[in-house]
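Remarks on the structure that follows.
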Amino acid sequence: MKILFNTLRIFICAVFTMQLIGCGTLMYPERRGQRAGSIDAGVAILDGIGLLFGIIPGVIAFAVDFSNGTIYLPATTRLGSLDVNNIKEVRFDPKHTSLAQLERIIKDQTGRVVRLDQDNIRLTQLRSLKDMREQFAEADTTINNDRIALL
């Protein structure tokens, strides 16, 4: 009987520990830092399953995922919402520009910090602003988590 109680205690501790981490944080660590967006139903359901183990583990799972931003779906931009008239063109020599220099150029021009060495980012060289529409049309929209920087 004592072995059964000890096994049950270990199981309950493991369940509570897993709920402290949060489902979205485990499954989608690349989403950390998002502050708003559409809620991912899969992550919300998995966090809700934590409520079956008790109010505290479920609430903690939701709190962790909301505070990390991992419960939100990645933001998507549609071509229809792209205002081509307000695009600023910045020219540079791609043969003599490293990724770090390109990141610095983007930060200087837009005020946003980007990391171009991530696996889910594709870089494309453009010859003119007209090429941008073609690049967006060719982009595979079925791949979620990809960001496309058009240069």
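Worth saying up front: this structure is predicted, and the values here are computed from it rather than measured.
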Mind checking the [atom1]-[atom2] spacing from [X] to [Y]? Nearest 0.5 Å is all I need.
| X | Y | atom1 | atom2 | value |
| --- | --- | --- | --- | --- |
| Phe92 | Leu102 | CZ | CG | 4.5 Å |
| Asp65 | Leu46 | CG | CG | 9.5 Å |
| Arg9 | Leu4 | CZ | CG | 10.5 Å |
| Leu51 | Phe62 | CG | CZ | 6.0 Å |
| Ser67 | Ile60 | OG | CD1 | 11.5 Å |

Heavy atoms only: give me the nearest [X]-[Y] pair and the separation to one decimal.
| X | Y | result |
| --- | --- | --- |
| Gly24 | Asp47 | N-OD1, 4.5 Å |
| His96 | Gln101 | O-OE1, 3.5 Å |
| Asp117 | Glu103 | N-OE2, 4.1 Å |
| Pro74 | Gln34 | CA-OE1, 3.3 Å |
| Tyr28 | Thr70 | O-CG2, 3.6 Å |

Other residues, nucleotides, ligands: >12 heavy atoms within 6.0 Å of Ile3 CD1: no

Show me the side-chain donor-acceptor pairs of residues 107-116 shorter than 3.5 Å, one per line, residues at least two apart or across chains.
unit_1, atom_1, unit_2, atom_2, d
Gln109, OE1, Lys88, NZ, 2.8
Thr110, OG1, Ile106, O, 2.6
Thr110, OG1, Arg112, N, 3.2

Asp40 side chain to Gly42 backbone, donor-acceptor under 3.5 Å: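 The answer is yes, because a donor-acceptor pair under 3.5 Å joins these two groups.
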
